[in-house]
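These notes are about the structure you will find just below.
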Protein chains: 2
Amino acid sequence: MELDERKLKILKAIVRNYLETGEPVGSRTISKYTDLNLSSATIRNEMSDLEDMGYILQPHTSAGRIPSDKGYRTYVDDMMREKADEISQQQQEISDMKDFLTEKVEKVEELLQNTAKLLANNTNYATMISAPRFAKRIKFLQLSLVDDMSLLCVVVLDGNIIKNKLVKLSKQIDAETVLKLNILFNSTLNGLTMEEINLGIITKITGQAGEHMELVKRVLEIIAEVVGSDEDMKIYTSGTTNILKYPELSDNNRASELINVLEEKQQLTSLITENNSEENTGIQVYIGDETPVQNMKDCSVVTMTYEIEDGVQGTIGIIGPKRMDYEKVVESLKTVKGQLDVVFKNNNE
Amino acid sequence: MELDERKLKILKAIVRNYLETGEPVGSRTISKYTDLNLSSATIRNEMSDLEDMGYILQPHTSAGRIPSDKGYRTYVDDMMREKADEISQQQQEISDMKDFLTEKVEKVEELLQNTAKLLANNTNYATMISAPRFAKRIKFLQLSLVDDMSLLCVVVLDGNIIKNKLVKLSKQIDAETVLKLNILFNSTLNGLTMEEINLGIITKITGQAGEHMELVKRVLEIIAEVVGSDEDMKIYTSGTTNILKYPELSDNNRASELINVLEEKQQLTSLITENNSEENTGIQVYIGDETPVQNMKDCSVVTMTYEIEDGVQGTIGIIGPKRMDYEKVVESLKTVKGQLDVVFKNNNE
DNA sequence: ATTAGCACTCTACAAGAGTGAGTGCTAACA
DNA sequence: TGTTAGCACTCACTCTTGTAGAGTGCTAAT
């Protein structure tokens, strides 16, 4: 059996109706709803076929049909193909996002948090956004003496990410030494990524350190620690309680598990790292079992990567019920992506 | 009518029983439960009195009684008085907290987050913890040239809180100027709090700035912004989904509102700032309507301030149903407070 | 002052009946 | 051969009814 034109139309009608109502949809509904003039009986036959083919399923005998994961998938794929480069009218609906986003962007963190919140309010789903992952190339390094026994170590990375740490000294050093160390570090390390700091460079530095070898080693450790820390792998979530708005998710204690996942943020990293969408849009839709996160088997997740410069990218994700409004979600994500690009590029100019 | 010994005993029995079961408690239960040997009929009479006096109430006719806010209040006050300085056996139950907390404390943020998580797991309530509010005295200040057109401004505050911001320059300056500015700023500003930087000091600095007055003004603004930002008013929450474990809170959509409040963290500040417990313990119990947060009228909140040095303090809070296990919560808070003190003092030594 | 007994109230739970939405099948139809 | 109308059947949902149980308030006896 094959998924011909008419079957596809019926399937789409079923999915669309179910997205709206959340109720199983029956043959009579479709018979009236669609433009193809067919009686409910004919629809019933087709639906029976669609069920055999695995696109829809019945919660119980004598109930309407709901889309299966496979059904959602074909719907989404089809929808994505159609809308590929079309500029939606919904763009306008969320274009006020622009004003909101571009206004006083001082802290990236704040911006991301606001974005997550805005998206959540706009879509009524839970949202997450990961801070951009920078290449971690050292741009500048500064050691300074805060008081007799503490050395402040500040590292500026590409993308103007600033990290710092205070080091307690075991023995006193003077200002002149600090100056020399600053020159030493900057002349050898600037422009390098963490991976490029190999044994050769390390021995070169420690060789020139003279009596302060211990301290130099210590500072190198600090740099590694500070730069390597996954603090910038930070994830912001918002609208987690939107989950509770959808009965099929708020049941039992699955809802609490879901919210927990969003709160812990730990498992969400898999959504970021696993983004292997080949398409140019950077959008990926996970439906039900497709999601890499365990407790989201009853959800759909739409992720999109935004990119600031080459290699500097982050991920936005929307988590909702399987019957989420895919079209709106995708449009919203695209708009936000555009705005983020604008903001960040202005900021980096 | 007066709350005599016997009435108090009965009230306590009612509260205690209700804390355990969450069900309205009837006269017969009390008659068997307590040591005072009274028939259920007598208890009924007393309960009727207690209801008139406003300590307990009936959800509906022919149901048992549940404590009113006033009833909880007397119970808590009484309990607090008794347990004032007693070392509880529960101390031991959560003493493993110590190992957990003291182990690798590199980031204060992480420590606080872990503490919140630990407390939430331990008590099965939602928890919040605010980062300590430091005095904001400037300890050290460092300007450095990252590249031709960007100046890095790092401020170290008392308590070794480090803030930074990158400034885009409008015109190029040389290394020597930066050095001079560093000396200027450090010699005038170090040791001052934000409040102490008055007009006199500002004019003094700008006067000495010469041709770089614009830049100096800019840096002063940055300092004010960076130091004044309430980023350190950060609040960490955990176990918000524990709310859903208590039917009286997970009803309707109040639960979602509650979780929202905890997620937004905005309104929680009132719990921190309003802490005016006169007692030495620093513990404050808000029952129902007493809480300053709107959406927590159906909850009880227990807060405690921890202090690291003079004036450097933060707040821990536990949010649960009115029928929370007050004794356990108070004990847990005390233990955590102790541990935090130990950790922070070791860290600051 | 305390208690035993009784009538009354209200909730929670279960069983049963009715309703409606929806299906599957069969036979008629173009 | 594809489409449609009609009919019997299924199942969830809702409303009603009955019942058991817990608890109270009141009264009379101790």
Side-chain angles (χ1 to χ4, degrees), chain A residues 1-11 13-18 20-68 71 247-248 251, chain B residues 1-11 13-18 20-68 71 247-248 251:
Chain A
M1 198 153 28
E2 202 197 351
L3 192 68
D4 58 7
E5 183 73 13
R6 198 171 73 174
K7 282 194 173 53
L8 189 65
K9 263 193 179 167
I10 291 175
L11 175 60
I14 292 173
V15 174
R16 202 163 288 155
N17 198 284
Y18 185 67
E20 275 179 28
T21 63
E23 298 286 308
V25 25
S27 57
R28 227 176 99 75
T29 313
I30 300 296
S31 149
K32 286 182 297 184
Y33 184 78
T34 48
D35 43 353
L36 33 84
N37 281 357
L38 290 175
S39 80
S40 61
T42 315
I43 303 288
R44 273 203 289 283
N45 289 332
E46 294 288 39
M47 279 165 99
S48 179
D49 290 355
L50 281 172
E51 185 169 8
D52 287 343
M53 296 159 78
Y55 288 101
I56 53 180
L57 38 86
Q58 257 180 319
H60 56 86
T61 353
S62 92
R65 306 303 216 288
I66 63 174
S68 68
E248 67 265 46
D251 261 14
Chain B
M1 199 151 30
E2 205 198 351
L3 192 69
D4 58 5
E5 183 71 13
R6 198 170 73 176
K7 284 194 171 54
L8 188 66
K9 264 191 177 168
I10 292 173
L11 175 60
I14 292 172
V15 174
R16 202 162 289 153
N17 199 285
Y18 185 67
E20 276 178 28
T21 62
E23 299 285 309
V25 23
S27 55
R28 224 176 101 74
T29 313
I30 300 295
S31 146
K32 284 184 296 184
Y33 185 79
T34 48
D35 42 355
L36 35 83
N37 280 357
L38 291 175
S39 79
S40 62
T42 314
I43 303 287
R44 275 202 290 283
N45 290 331
E46 294 287 40
M47 279 166 100
S48 179
D49 290 353
L50 281 173
E51 186 170 8
D52 288 342
M53 294 160 77
Y55 288 102
I56 54 181
L57 39 85
Q58 257 180 319
H60 56 84
T61 356
S62 92
R65 306 304 213 290
I66 63 173
S68 69
E248 67 265 45
D251 262 14

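- Distance CE (M47(A)) to P (dT23(C)): 5 Å, rounded to an integer number of Å.
- With hydrogens and angles disregarded, a donor-acceptor distance shorter than 3.5 Å links the side chain of T21(A) to the backbone of N17(A).
- The distance between atom CD of E46(B) and atom P of dT3(C), rounded to the nearest whole Å, is 11 Å.
- Judged by distance alone, the side chains of S27(B) and R44(B) do bring a donor and an acceptor atom under 3.5 Å apart.
- If you measure from atom CG of N37(B) to atom P of dA1(C), you get 20 Å, rounded to the nearest angstrom.
- Using a 4.0 Å cut-off, some side-chain N or O of T42(B) falls inside it from OP1 or OP2 of dT3(C).
- Nearest to the side-chain atoms of N45(B) among the listed nucleotides dT3(C), dT23(C), dA22(D) stands dT3(C).
- Between the side chain of S31(B) and the main chain of L38(B), a donor-acceptor pair closer than 3.5 Å is present.
- Among the nucleotides dG24(C), dT3(C), dT24(D), the one closest to any side-chain atom of L38(B) is dT3(C).
- Rounded to a whole Å, the CZ atom of R28(B) is 11 Å from the P atom of dT24(D).
- Distance from the side chain of Q58(A) is smallest for dG24(C) among the nucleotides dG23(D), dT4(D), dG24(C).
- Using a 4.0 Å cut-off, no side-chain N or O of S27(B) falls inside it from OP1 or OP2 of dG23(D).
- Residue A41(A) is in base contact, counting any heavy-atom pair closer than 4.0 Å across all strands shown.
- Distance NZ (K32(A)) to P (dG22(C)): 9 Å, rounded to an integer number of Å.
- Nucleic acid contact for T61(A): sugar-phosphate only, since backbone atoms but no base atoms lie under 4.0 Å from a heavy atom of the residue.
- Between R65(A) and the phosphate of dG22(C), there is no side-chain N or O to OP1/OP2 separation shorter than 4.0 Å.
- Of the possible polar contacts, one joining the T34(B) side chain to the I30(B) backbone as a donor-acceptor pair under 3.5 Å is found.
- Note: NE2 (H60(A)) to P (dA12(D)) measures 5 Å, nearest angstrom.
- Within the 4.0 Å cut-off from OP1 or OP2 of dA1(C), not a single side-chain nitrogen or oxygen of R6(B) is found.
- Between the OH atom of Y18(A) and the C1' atom of dA21(C) there is a distance of 16 Å, given to the nearest Å.
- Checking side-chain atoms of E51(A) against main-chain N and O of I56(A) turns up no donor-acceptor pair under 3.5 Å.
- Across the protein-nucleic acid pair, D49(A) atom CG and dG2(D) atom C1' stand 13 Å apart, rounded to whole Å.
- The side chain of S62(B) approaches dC10(C) more closely than any other nucleotide in the set dT24(D), dC10(C), dT2(C).
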